[in-house]
Amino acid sequence: MKKLLVIALKMLVLSAVSCDKQKDDLVTPLTSEEFPQVFKFDDEGDGDLEDEDKFGVVITLADRQDPTGADLGGKVIPLDAEVTISFEVSEFEGFAAISNYIKDVSAFYEVDDCNEADVPVTFNTTTGKGTVTFPRGVEEIEIEFETNDALFDDDILNTADRFISFKMTGITGGQNVTFNGEGEFKYEVLDDEGIHGEWELDASDPIMFARFKSLFGLISEKVNDLEASEVDKIVISVEYDEVKVEIELTETETITECGSTEVVNKVIEIEAGIEELDLQSFDGEIEFADDLEQENGTEKEFIYKGSFEIAGKVLMIKLEGEYDDNNTGEIMLVLEK
């Protein structure tokens, strides 16, 4: 009996030592507040037409857990102290030197919907390196580059890439902050001799107007109910990553923004993300799509796909719309730049 008691005591001691050893190997997980704040580019890329005289690069903080629990998907939690972010041009193509394209730089953040505040920024057009201040209490800043709008503005279709890319390289100041060193922002120069840009449909042409209604009335009751007399202008814009359809009505409304009041035409808008698009060509394939919210809160996707051909300032585009088990069949629109 005494021998069994000794053995039991030894086992208890070994068990306690083993538990202590296991506890020593444990790593206490960090709480969400202890993870570093991460700076990142708000988007991976953007682009505009070749005669654009500026472009912007937005830097923000990665979403964190909302301490109030109001935003379940997370939200940006501003910093308590300002920091300085270093950035540089990582790559460019289509021009010989950065100074040929970028002329000046500024930076700002939005105080509210009507006001902006400047922040310190530097940029060396020879080395392509710069710094920008990210103030305390701010969710995002924008670096705006002034460009040489005459550098690429020509009347020919360009088949070579033209872009400039940026990356973040360092942070000075602040505590428990870092940056996404793998992320890059790429700005692309789009050719307005191709499909990019604004194209107008003649709403006074009864055939074109009827085709337009058949095509986009599939996803919009407002379009389906339109009369030609109610429409002032119809524009389809092919942008960097989306297609916009804007129907400007003859009916007007008065709006007040930032203390200024003006009378404007009412507009019906349709937007969709580009899924496929042949670039640097006078003809090719196009596809764009998006989701529409239903009355029960669910979403259903619509898709438009087809082909296009450009002859001078005229765009002939054949599209077929699909939505909610309905199909328009192929419809051709003729638009002018």
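In this text the structure is predicted, and so the values were computed from the model without any measurement.
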Practice task
With side chain to side chain contact (heavy atoms under 4.5 Å, CB included) as the test, would you mind laying out the steps for V243 and L277 before giving the verdict?
Solution key: CA-CA 11 Å; V243 171; L277 181 64; over 6 Å; no
Practice task
Following the transitive rule for hydrophobic clusters with a side-chain heavy-atom cut-off under 4.5 Å over Ile, Leu, Val, Met, Phe, Trp and Tyr, establish whether I274 and F302 coincide in one cluster.
Solution key: yes
Exercise for the section: Kindly determine whether D155 and E193 satisfy side chain to side chain contact (heavy atoms under 4.5 Å, CB included), including the steps that lead there. Expected result: CA-CA 7 Å; D155 295 324; E193 272 71 48; 4.2 Å; yes
Problem - E82 backbone acceptor or donor facing T133 side chain under 3.5 Å - result: no
Problem - Partners meeting ring-ring contact (aromatic ring centres under 6.0 Å, His included) with F39 (sequence neighbours left out) - result: F134
Practice task
Without swapping roles, check the side chain of K213 against the backbone of L226 for a donor-acceptor pair under 3.5 Å.
Solution key: yes
Handout entry: Gap separating the CZ atom of R162 from the CD atom of E93, nearest 0.5 angstrom
Key = 11.0 Å
Practice task
Grab the two heavy atoms, one from I310 and one from I195, that are nearest each other, plus how far apart they are.
Solution key: CD1-N, 3.5 Å
Problem - S86 side chain to T169 backbone, donor-acceptor under 3.5 Å - result: no
Problem - Main-chain N/O of T298 paired with N296 side-chain donor or acceptor, under 3.5 Å - result: yes
Practice task
Establish whether I207 and V314 are linked, either directly or via other cluster members, by ILVMFWY side-chain heavy-atom contacts under 4.5 Å.
Solution key: yes
Practice task
Count the heavy atoms belonging to other residues, nucleotides or ligands that lie under 6.0 Å from CG of N326, then report whether that count exceeds 12.
Solution key: yes
Handout entry: Close side-chain approach of L292 to K300, heavy-atom, < 4.5 Å
Key = no
Problem - Parallel, tilted or perpendicular, as decided by the 30° and 60° cut-offs, for the rings of F185 and F41 - result: tilted
Practice task
Find out whether D46 and F55 are in side-chain contact, i.e. whether some heavy atom of one side chain is under 4.5 Å from a heavy atom of the other.
Solution key: no
Practice task
For R211 and V334, indicate whether the former's side chain and the latter's backbone hold a donor-acceptor pair under 3.5 Å.
Solution key: no
Problem - Any donor-acceptor N/O pair, S281 side chain to D283 backbone, under 3.5 Å - result: yes
Exercise for the section: Can you sort out the partners of Y101 under ring-ring contact (aromatic ring centres under 6.0 Å, His included), two or more places apart, ordered by chain and number? Expected result: F95, F152
Exercise for the section: Starting at OH of Y304, measure out to CD of E320 and round the result to the nearest 0.5 Å. Expected result: 11.0 Å
Handout entry: Atom CD of Q175 with >12 non-hydrogen neighbours under 6.0 angstrom
Key = no
Exercise for the section: Kindly write out the residues that satisfy side chain to side chain contact (heavy atoms under 4.5 Å, CB included) with E139, not counting sequence neighbours, or none if the list is empty. Expected result: V76, P78
Problem - From NZ (K318) to CE (M332), nearest 0.5 Å - result: 6.5 Å
Handout entry: Side-chain donor/acceptor of T250 to backbone N/O of V231, under 3.5 Å
Key = no
Practice task
Flag yes if more than 12 heavy atoms outside K337 fall under 6.0 Å of its NZ atom; otherwise flag no.
Solution key: yes
Exercise for the section: Enter the distance from I85:CD1 to I59:CD1 here, rounded to the nearest 0.5 Å. Expected result: 4.5 Å
Practice task
Please go through L190's hydrophobic cluster and name the other residues, only I, L, V, M, F, W, Y counting, with side-chain heavy atoms under 4.5 Å joining them.
Solution key: L49, Y240
Handout entry: Non-hydrogen side-chain atoms of L61 and I77 separated by less than 4.5 Å
Key = no
Exercise for the section: Would you sort out whether K305 and E322 count as a side chain to side chain contact (heavy atoms under 4.5 Å, CB included), showing the intermediate values? Expected result: CA-CA 9 Å; K305 53 187 174 182; E322 300 175 15; 3.4 Å; yes
Exercise for the section: Measure the shortest side-chain to side-chain distance between D43 and V58 over non-hydrogen atoms and say whether it is less than 4.5 angstrom. Expected result: no
Problem - Under 3.5 Å: donor-acceptor pair, side chain of R136, backbone of D80 - result: yes
Fill in the blank from the handout: Here the gap from I98 atom CD1 to T127 atom OG1, rounded to the nearest 0.5 Å, amounts to 7.0 Å
Exercise for the section: Check for a donor-acceptor pair, side chain of N180 on one end and backbone N or O of E182 on the other, with a separation under 3.5 Å. Expected result: yes
Problem - Hydrophobic cluster identity match, V267 and L249, side-chain contacts under 4.5 Å - result: no
Handout entry: Any donor-acceptor N/O pair, D51 side chain to D153 backbone, under 3.5 Å
Key = no
Practice task
Go through the structure and list residues passing side chain to side chain contact (heavy atoms under 4.5 Å, CB included) with I255, not counting sequence neighbours.
Solution key: E253, E257, E262, V264
Practice task
Can you measure from CG (D291) to CD (E301) and round to the nearest 0.5 angstrom?
Solution key: 5.5 Å
Practice task
For atom NZ of K40, decide whether the heavy atoms of other residues, nucleotides or ligands shown that lie under 6.0 angstrom number more than 12.
Solution key: yes
Handout entry: Any E44 side-chain heavy atom under 4.5 Å of K186 side chain
Key = no
Problem - Side chain proximity check, N158 to Q280, heavy atoms < 4.5 angstrom - result: no
Problem - Ring centre gap for F145 and Y187 strictly below 6.0 Å - result: no
Fill in the blank from the handout: By side chain to side chain donor-acceptor pair (under 3.5 Å), K103 pairs with (sequence neighbours left out) none
Practice task
For the pair I270 and F216, evaluate side chain to side chain contact (heavy atoms under 4.5 Å, CB included) and give the outcome as yes or no after the intermediate values.
Solution key: CA-CA 9 Å; I270 298 172; F216 292 104; 4.1 Å; yes
Exercise for the section: Would you name the heavy atoms of S237 and E198 that are closest together and state the gap between them? Expected result: OG-CG, 3.4 Å
Practice task
Group every Ile, Leu, Val, Met, Phe, Trp and Tyr by side-chain heavy-atom contacts under 4.5 Å, then state whether F87 and V119 land in the same group.
Solution key: yes
Exercise for the section: Indicate the atoms forming the closest heavy-atom contact of S165 with E184, along with that distance. Expected result: CB-OE1, 4.1 Å
